[in-house]
There are 2 protein chains.
Amino acid sequence: MQTIAPELAELAALIADSGRAGILSRLMDGRAQTASELARVASVTPQTASWHLARLVERALLKVERRGPRRLYRLATPLVAQMLEGMMTVAAIDPHPSRPPPWIDAEMRRARTCYDHLAGELGVAVTDAMREHGHLHLDQEAGELTASGRAFLRDLGIDLRAPARSRRLLCRPCLDWSERRPHLAGRAGAAVADLALQRDWIRRRPQGRSVEITEAGLVAFRDLFGARI
Amino acid sequence: MQTIAPELAELAALIADSGRAGILSRLMDGRAQTASELARVASVTPQTASWHLARLVERALLKVERRGPRRLYRLATPLVAQMLEGMMTVAAIDPHPSRPPPWIDAEMRRARTCYDHLAGELGVAVTDAMREHGHLHLDQEAGELTASGRAFLRDLGIDLRAPARSRRLLCRPCLDWSERRPHLAGRAGAAVADLALQRDWIRRRPQGRSVEITEAGLVAFRDLFGARI
DNA sequence: TGAACATTTCGATCATGATCGAAGCGTTGC
DNA sequence: GCAACGCTTCGATCATGATCGAAATGTTCA
């Protein structure tokens, strides 16, 4: 049986190292990072990180771009992010349901970005609030933004028109691995996250994918969205 | 940075062995298989397969069920199939686009089942035909069955009503890793595949996930669906 | 109970690849 | 050109886990 299995194993082997998994996880926010930064999050020396990064680029999971004396690494395509999303969803399933999962960092669990949209308690709370106000229908496989939802986002100053040539979905669910429930993704999810960053409702922490919810953000998410956070 | 990265690496390591990848790939059709059969497709001895299977069950990627003196293994949840689907999509991307990908088995490429729906050239051709007849809208992220599509499937004898308590999506795309284009999945996709099996348009090959298109099937797919195969 | 068969467990061997120190390369700025 | 800096390459070492023969376990059927 000649199948894709060998390629599958080869791909998995690339992710199967904790250093490389840390690097990929760090890059899940879609931004580029320097080799040094990635060495730091992966807790390895720069030499080792360089070795890992070369492998990831060679297999086309990452793209590299030179910026002066530094090299910036980022995920090669959204397909890679989508794959990692799916793997994290399964990875978050505790095979021994008896013991609680204590290994999720509190800040990550609270609020983070998932490629380009909000995730964690914040992402799920915002999604739930929009759902309760009739702005949104969402289950594990598909989502729909209602007329009320479009109006709501428009009033917030969000332009939902798709960029030319974009085939990206307006509204789709993304299974949150820390909350184990779907949150809003797609163009609408990205727009909400962009808005939150622009209005300083959330701030990216200097390291890692977690974000800090500002005082203004707490007020905005509660009053404007009706989110319970 | 305490994240899910270690669990991600651990999960990937489980898939990173060619034997286990072969086993998982074999089980992607959603059916259960005996340990011996899985040892055969993985090209390892029964002892080795048993060792691999124990690991996959321990990590809750597989479920095992005793049937007399045999043990039947199957994917633990559809989430696992979905994850593997995403990984195969990335695994099928050739990192060196110059050389052609000769490693996909011709029968697999021609027609196979992907968990519960049709894939390969057949799956994509049926999807394209339904699309061209206005039965279907489908892009990489979402799909919709039109009124015409519902009527078309109803006339074929397909009951599209969702089983009670099923939250499964009627119509969704699944990226075909051999064709690199989306094909029809979801309840509608599964119903079409079921129909094809029942009417003997396709037959499962005794080993592997590929299916054989019968003479009647060729006629049916061409005349009833308008598929170019 | 005993024979046949599927599967698992145990034990020893072997191959792969992750790691980091040291050294080399390439870019920037003085 | 030279120094500083970020990053990569090389080389040697070490740990992990895949493999299979042999033997044990467990199930069915007579």
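Just so it is clear, the structure is predicted and the values come from calculations on it, not from any experiment. No hydrogens, no waters, no symmetry mates; every other heavy atom, side chains included, goes into these values. In what follows, every chain begins at residue 1, and chains take the letters A, B, ... in the order their sequences are listed.
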Check: With respect to the phosphate group of C:dC20, does any side-chain polar atom (N or O) of A:Thr48 fall under 4.0 Å of OP1 or OP2?
Finding: yes

Check: Among C:dA18, D:dT8, D:dT19, which is the nearest nucleotide to the side chain of A:Asp17?
Finding: C:dA18

Checklist line | Nucleotide D:dC5, atom P - distance to CD of A:Glu37 in whole Å | finding: 19 Å

Notebook entry, point to check: OP1 or OP2 of D:dT8 sitting under 4.0 Å from any side-chain N/O of A:Ser50?
Noted result: yes

Item checked: Contact under 4.0 Å: B:Arg70 side-chain N or O vs D:dT27 OP1/OP2 -> no

Next item on the list: Would you tell me whether B:Arg112 and B:Ser210 have side-chain atoms, one donor and one acceptor, within less than 3.5 Å of each other?
Entry: no

Check: Quick one: B:Leu72 CG to D:dG26 P, roughly how many Å, whole number?
Finding: 19 Å

Check: Between B:Arg180 (side chain) and B:Asp176 (backbone), is there a donor-acceptor pair under 3.5 Å?
Finding: no

Check: On DNA chain C, nearest-nucleotide positions of A:Thr45 versus B:Trp51: which is more 5'?
Finding: B:Trp51

Next item on the list: May I have the distance from B:Leu56 (atom CG) to D:dA18 (atom P), rounded to whole angstrom?
Entry: 10 Å

Item checked: N or O in side chain of B:Tyr73 less than 4.0 angstrom from C:dT8 OP1/OP2 -> yes

Note to self: Rounded to whole Å, how long is the line connecting atom CD of A:Glu10 with atom C1' of C:dT16?
What the structure shows: 14 Å

Next item on the list: Kindly point out which of C:dC20, D:dC20, C:dG26 is positioned nearest to the side chain of A:Arg66?
Entry: C:dG26

Checklist line | Whole angstrom value for the distance that separates C1' of D:dG17 from CG of B:Leu14 | finding: 12 Å

Check: Between atom CZ in A:Arg67 and atom P in C:dT28, what is the gap in whole Å?
Finding: 12 Å

Next item on the list: Report yes or no: do A:Thr34 and A:Arg67 form a side-chain donor-acceptor pair below 3.5 Å?
Entry: no

Notebook entry, point to check: Which nucleotide sits closest to the side chain of A:Val44: D:dT19, C:dC20, C:dT8?
Noted result: C:dC20

Checklist line | Candidates D:dT19, C:dA22, C:dT19 - which lies nearest the side chain of A:Gln47 | finding: C:dA22

Notebook entry, point to check: Which is true for A:Arg20 with a 4.0 Å heavy-atom rule: it touches a base, it touches only sugar-phosphate, or it touches nothing?
Noted result: sugar-phosphate

Item checked: Integer-rounded Å distance: D:dA18 P and B:Ile23 CD1 -> 11 Å

Item checked: Distance-only polar pair, side chains of B:Arg209 and B:Thr113, donor-acceptor under 3.5 Å -> no

Notebook entry, point to check: For the pair made of CZ in B:Arg55 and P in D:dA18, what is the distance, rounded to whole Å?
Noted result: 7 Å

Check: Out of C:dA18, C:dT8, D:dA18, which has the shortest distance to the side chain of B:His52?
Finding: D:dA18

Check: Rounded to the nearest 0.5 Å, what separation is found between the CG atom of B:Leu56 and the CG atom of B:Leu61?
Finding: 5.5 Å

